[in-house]
Amino acid sequence: MDVATDSFVSHRNLLFTIAYEMLGSAADAEDVLQETWLRWSGVDHGTVDNHRAYLVRIVTRQALGRLRTLGRRKESYVGSWLPEPLLTTPDVAEDVELADSVSMAMMLVLETLTPTERAVFVLREVFDLDYDEIARAVDKNPAAVRQIAHRARSHVAARRPREVVTQAASREALAAFQRATETGDLQALLDLLAPDVVFMGDGGGVKQAVPRPVVGSSKVARMLLGGMLRVTGWTMEPAQVNGYPALVVRFGGELDTVIAVRVEDGRISGLYAVRNPEKLSHMTRETSLRR
């Protein structure tokens, strides 16, 4: 069991990252890790040549099962569903590919894939596993996995931002957004937002949020400033969320909302506001992600 524990602990951050990228939910990813440990602890470890590969296989299969359950749960979710934000450690931002893969914008793109497509895409494009290893994890033959990977890549390429945005560009856009909202500067906000900007809010039926996406710079700007002006006692502060700069909104000093953005060509094309209290528990401590 010491060998089992050591292997699991040494790969825990990797396993959590895989589960989170597949599920978009830190709470469900933690549950998957518990299930993975239970199965791993019952394995004859002396017969396992590659502990990392075996653990990746277990966590992928558990996450696939959980992803299908999560899909049914989302069908009855109140309002828009957004991924659960993570307060990430500074080193996540230093790994550009990892940060891009867990950004809120990219996680939303992954939501448009089927469960198997998502698993194959994550394991191949983010973790660079070979097709044979992925095939064992998703219970498909390598030829089928290659076809799934090609289909998933094409799907993602058509929906993801055209370029990976730098940390500096994201910070600059968020700083401008914060200034405009704090001062109520409508024109500055309009200048910052892309004409077809999309705003999504996730209150989970617990906190007030827009019931469906709001599209268009004028509608989004007026909605934001109208909402901010109606209430007092709120503050904004920068944070590192899912590998990228984001904003944390507090009311009366209490965490209320996490705002992540999608930036393209220097303008904000996506705004994602998570208010559901159940999704904010991982904003109280930093999470370390690994590839």
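Since we're looking at a predicted model, the values are computed, not measured. Worth knowing before you read on, the calculation uses all heavy atoms, side chains too, and leaves out hydrogens, waters and symmetry mates.
- One N or O on the side chain of Ser10 and one on the backbone of Ser7 form a donor-acceptor pair closer than 3.5 Å.
- With a 4.5 Å cut-off on side-chain heavy atoms, Tyr54 and Arg57 count as touching.
- Atoms OG1 and CE, from Thr17 and Met22 in turn, are 13.0 Å apart once rounded to the nearest 0.5 Å.
- A donor-acceptor contact shorter than 3.5 Å is absent between the side chain of Thr89 and the backbone of Glu286.
- Around atom NZ of Lys219, no more than 12 heavy atoms belonging to other residues, nucleotides or ligands sit under 6.0 Å away.
- In plain terms, the two heavy atoms of Ala149 and Tyr131 that are nearest each other are CB-CE2, 3.9 Å.
- For Arg171, there are no side chain to side chain donor-acceptor pair (under 3.5 Å) partners, not counting sequence neighbours.
- Asp132 and Pro142 make their closest contact through OD1-CG, 3.2 Å (heavy atoms, listed as atom of the first residue, atom of the second, distance).
- Cation-pi contact between Arg118 and Phe121: absent, since separation from the ring centre below 6.0 Å together with deviation from the ring axis within 45° is not met.
- Here the side chains of Val3 and His51 are in contact, with some heavy-atom distance below 4.5 Å.
- Residue Asp95 holds its CG atom at 9.5 Å from CG of Leu289, rounded to the nearest 0.5 Å.
- Surrounding CD of Glu237 are more than 12 heavy atoms belonging to other residues, nucleotides or ligands, all under 6.0 Å away.
- Applying the salt bridge (Lys or Arg N to Asp or Glu O under 4.0 Å) test between Asp202 and each of Arg275, Lys207, Lys279 identifies Lys279 as the sole match.
- For the pair Glu84 and Ala27, the tightest heavy-atom approach, listed with the atom from each and the gap, is OE1-N, 3.2 Å.
- The backbone N or O of Phe8 lies less than 3.5 Å from no partner atom in the side chain of Trp37, so there is not a single donor-acceptor pair.
- Remark: Asp265 pairs with Arg162 by the side chain to side chain donor-acceptor pair (under 3.5 Å) rule, at least two apart or across chains.
- Applying side chain to side chain contact (heavy atoms under 4.5 Å, CB included) to Pro83 and the options Met107, Met106, Glu21 leaves one that passes, Met107.
- Checked against side chain to side chain donor-acceptor pair (under 3.5 Å), Ser281 has no partners two or more places apart in sequence or in another chain.
- Following chains of ILVMFWY side-chain contacts shorter than 4.5 Å, one cannot reach Val92 starting from Val165, and the two form parts of different hydrophobic clusters.
- Of the possible donor and acceptor atoms, none in the side chain of Ser217 sits under 3.5 Å from a partner among the backbone N and O of Leu190.
- The two residues Val249 and Trp234 come nearest to each other via the heavy atoms CG1-CB, 4.4 Å.
- Gln178 contributes no side-chain N or O that, together with a main-chain N or O of Leu247, makes up a donor-acceptor pair within less than 3.5 Å.
- Other members of the cluster containing Leu87 are Leu82, Met104, Leu108, Val198, Met200, Val215, Val241, Val248, Leu255, Val258, Tyr272, Val274, Leu280, Met283, with ILVMFWY side chains joined at under 4.5 Å, either directly or via other members.
- For Arg212 (side chain) and Ser80 (main-chain N/O), no donor-acceptor pair under 3.5 Å exists by modelled atom type.
- For the pair Ser41 (side chain) and Leu38 (backbone), a donor-acceptor distance under 3.5 Å is present.
- The aromatic rings of Tyr20 and Phe16 sit parallel to each other, their planes meeting at less than 30°, with 60° as the upper class boundary.
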- Start with the C-alpha gap between Thr69 and Arg73, add the side-chain angles, then the distance that decides, and say whether side chain to side chain donor-acceptor pair (under 3.5 Å) holds. CA-CA 6 Å; Thr69 302; Arg73 201 189 311 165; over 6 Å; no
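- The CG atom of Leu224 sits 7.5 Å away from the CG atom of Leu193 when rounded to the nearest 0.5 Å.
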- Checking side chain to side chain donor-acceptor pair (under 3.5 Å) for the pair Gln167/Gln240: CA distance, chi angles, key distance, verdict? CA-CA 10 Å; Gln167 297 283 325; Gln240 198 74 10; 2.8 Å; yes
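- In this structure, Asp91 pairs ionically with Arg290, as a charged nitrogen and a carboxylate oxygen lie closer than 4.0 Å.
- Sorted by first then second residue, the salt bridge (Lys or Arg N to Asp or Glu O under 4.0 Å) pairs that include residues 98-110, not counting sequence neighbours, are Asp100-Arg160.
- Taking all atoms of both residues into account, the shortest heavy-atom contact from Thr88 to Gly243 is OG1-N, 2.9 Å.
- Atom-to-atom distance recorded for Ile134:CD1 and Thr116:OG1 is 12.0 Å, nearest 0.5 angstrom.
- Here the closest heavy-atom approach between residue Ala137 and residue Arg61 is recorded as O-CG, 3.1 Å.
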- Task: Please test Arg291 against Glu97 for side-chain contact (heavy atoms from CB on, under 4.5 Å), starting from the C-alpha separation and ending with a verdict.
- Result: CA-CA 10 Å; Arg291 287 202 294 162; Glu97 292 183 0; 3.1 Å; yes
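- Summarising the hydrophobic clusters (Ile, Leu, Val, Met, Phe, Trp, Tyr; side-chain heavy atoms under 4.5 Å, direct or chained), the residues clustered with Val164 are Val96, Tyr244.
- A distance-only check finds a donor-acceptor pair linking the side chain of His45 to the backbone of Trp40 [under 3.5 Å].
- Ionic pairing of Glu30 and Arg12 is present here: one or more N-O contacts between side-chain nitrogen and carboxylate oxygen are shorter than 4.0 angstrom.
- Between Leu14 and Val56, the closest side-chain pair of non-hydrogen atoms falls below 4.5 Å.
- When the shell of 6.0 Å around CD of Glu172 is examined, it contains 12 or fewer heavy atoms from other residues, nucleotides or ligands.
- Residues His282 and Arg285 meet the side-chain proximity criterion, which asks for heavy atoms closer than 4.5 Å.
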